[in-house]
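Below, chain A is the first sequence line, B the second, and so on; all start at residue 1.
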Number of protein chains: 2
Amino acid sequence: MQYDRFESAATQEQGQSALRRGEILAAAATLFAEHGFHGASMRDIGERVGLLKGSLYVHIANKDEILVEIVGDTARRLNAAVSPVLLATARPSDKLRMALKAHLLFASSNQNSMFVLQHESKHLTGQPHMWICEWRLRYQQLWWSAVDVGVRCGDLRQDLDIACATDMLLAAANLNATFDMTSDTGAVADRRWEVLRGGLLP
Amino acid sequence: MQYDRFESAATQEQGQSALRRGEILAAAATLFAEHGFHGASMRDIGERVGLLKGSLYVHIANKDEILVEIVGDTARRLNAAVSPVLLATARPSDKLRMALKAHLLFASSNQNSMFVLQHESKHLTGQPHMWICEWRLRYQQLWWSAVDVGVRCGDLRQDLDIACATDMLLAAANLNATFDMTSDTGAVADRRWEVLRGGLLP
DNA sequence: CCTACCGATCGGTAGG
DNA sequence: CCTACCGATCGGTAGG
């Protein structure tokens with residue numbers, strides 16, 4: 001493809017707009033996480049990126065699209081970070097331990113958008129709402145399968161309730177750690193795995 | 001106290017209004033759980049109890065008061081259901097197992113208001129917001145103490161990270177079980193406790 | 001990217 | 001408990 005000065009200018013403009021779009025999505029994720037989708041206005045989002053609300057529509061189609069983009073992108077990236085771990089060839093218990101760490105690591109560096117994915121995607125409508133429901137199921141099944149294999153091959157407890165154990169693992173993964181300064185995310189993952197692995201009783 | 005016909009009439013009116021108020025709070029809890037505090041309008045709430053939105057203000061002061069009432073009442077009743085179990089004189093592991101069951105039993109018969117307590121109380125402002133933050137801390141500490149005693153007296157694993165274990169217990173308690181027909185709440189509590197108690201590995 | 005505007009809806013009130 | 005209304009703000013658009 002030829003990049004003459006006009007195309008180059010067009011590409012630059014596209015790049016600028018894509019950057020702006022990214023800023024807007026990041027600002028929206030922060031505000032949606034704090035005030036909820038309906039509690040954060042286009043005015044609020046504009047203010048956070050130094051634009052008047054009308055100018056936002058140069059970069060995004062409407063408010064719903066912002067939510068779709070945040071939730072969809074976050075779900076896709078979380079999946080990309082965790083699914084390779086769970087689909088690898090390894091001991092199920094090792095895969096689960098590492099998947100927990102991968103999920104928590106992703107969550108700790110995407111706190112706002114992860115919160116939106118968890119608690120605000122219910123405000124999606126139509127197709128996007130269906131997509132995210134299906135995504136959630138697929139993501140659960142990914143974990144479920146690893147637990148299932150683990151029980152069948154004796155790597156995990158034989159008498160384990162597989163669905164319940166999967167729920168508990170996902171709960172540990174989705175638990176909003178206050179990712180504080182005193183301990184890095186990896187350590188949080190290790191502590192949670194230690195409780196889940198060995199249980200509460202001696 | 002004398003109940004002449006006038007006082008009786010006044011009492012009846014009070015009773016009627018209190019009933020209406022209860023209906024309104026229940027309707028609001030359902031709508032806040034489904035659409036969020038800002039996503040459910042006074043119009044929606046009125047419709048659900050067969051009133052026009054203006055008429056709601058006979059029974060409640062404003063929209064914020066509805067949220068305060070739902071969250072405050074639910075927190076108080078949850079505490080009343082669970083704290084006696086955790087404060088009793090018994091083996092810590094038994095108390096935790098029973099507290100998990102008590103919490104889940106309460107949650108299963110208060111699904112809407114529990115959801116509002118968990119996810120919409122962030123929209124409270126001023127004093128009520130402070131109250132609920134403090135309540136949450138107290139409720140956590142209640143569980144934390146039982147875990148702490150359990151570890152100290154050897155009833156629970158000695159090498160347990162107490163804060164982390166408490167988080168996992170509360171996660172198991174707050175996990176939104178789809179309380180379906182195939183299994184009662186008690187069974188869900190038993191399965192969760194079994195995973196937490198014995199751990200994932202053989 | 002801003003100015004200026006749109007119709008719709010918001011929470012809430014007065015008067016009966 | 002309803003009718004009729006209030007000012008404010010909502011998401012979104014046209015025109016420059």
With rounding to the nearest 0.5 Å, note down the distance linking OH in A:Y139 to CD1 in A:I132.
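These two atoms lie 12.0 Å from each other.
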Rounded to the nearest 0.5 Å, how far does CG of A:L175 lie from CG of A:L170?
11.5 Å
Scan nucleotides 9-16 of chain C nucleotide by nucleotide, 5' to 3', and note B when protein non-hydrogen atoms come under 4.0 Å of the base, S if they reach only the sugar-phosphate, - if neither.
-SBBB---
Mind checking side-chain contact (heavy atoms from CB on, under 4.5 Å) for A:T74 and listing every partner two or more places apart, or none if nothing turns up?
A:I70, A:R77, A:F106, A:S113, A:M114, A:L117
I would like to know whether A:R97 and A:D190 meet salt bridge (charged side-chain N to carboxylate O under 4.0 Å, His left out); could you show each step before the answer?
CA-CA 8 Å; A:R97 176 177 47 79; A:D190 289 340; 5.9 Å; no
For a quick check under 3.5 Å, do A:H103 and A:N174 share a side-chain donor-acceptor pair by atom type?
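Yes.
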Between the side chains of A:S145 and A:D148, does any donor sit under 3.5 Å from an acceptor?
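No - no donor-acceptor pair under 3.5 Å links their side chains.
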Distance-only donor-acceptor hits, side chain of residues 51-59 of chain A, under 3.5 Å, sequence neighbours excluded:
none

Given the ring of B:F37, does B:K63 sit roughly above its face, with NZ or CZ under 6.0 Å from the centre of the six-membered ring and within 45° of the axis?
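Verdict for B:F37: a cation-pi partner in B:K63.
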Assess whether side chain to side chain contact (heavy atoms under 4.5 Å, CB included) is satisfied between A:S121 and A:L67, documenting all intermediate values.
CA-CA 7 Å; A:S121 51; A:L67 184 57; 5.9 Å; no
Interatomic distance where CD belongs to A:E47 and C1' belongs to C:dC1 [whole Å]
16 Å
I'd like to check the ring-ring contact (aromatic ring centres under 6.0 Å, His included) partners of A:W144; sequence neighbours left out, ordered by chain and number.
none
Can you pull out the residues from residues 17-27 of chain B that lie within a 4.0 Å heavy-atom distance of DNA chain C?
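Here the set is empty: none.
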Can you tell me which stems DNA chain D forms, taking runs of 3 or more consecutive Watson-Crick or G-U pairs with both distances under 3.5 Å?
C:1-16 with D:1-16
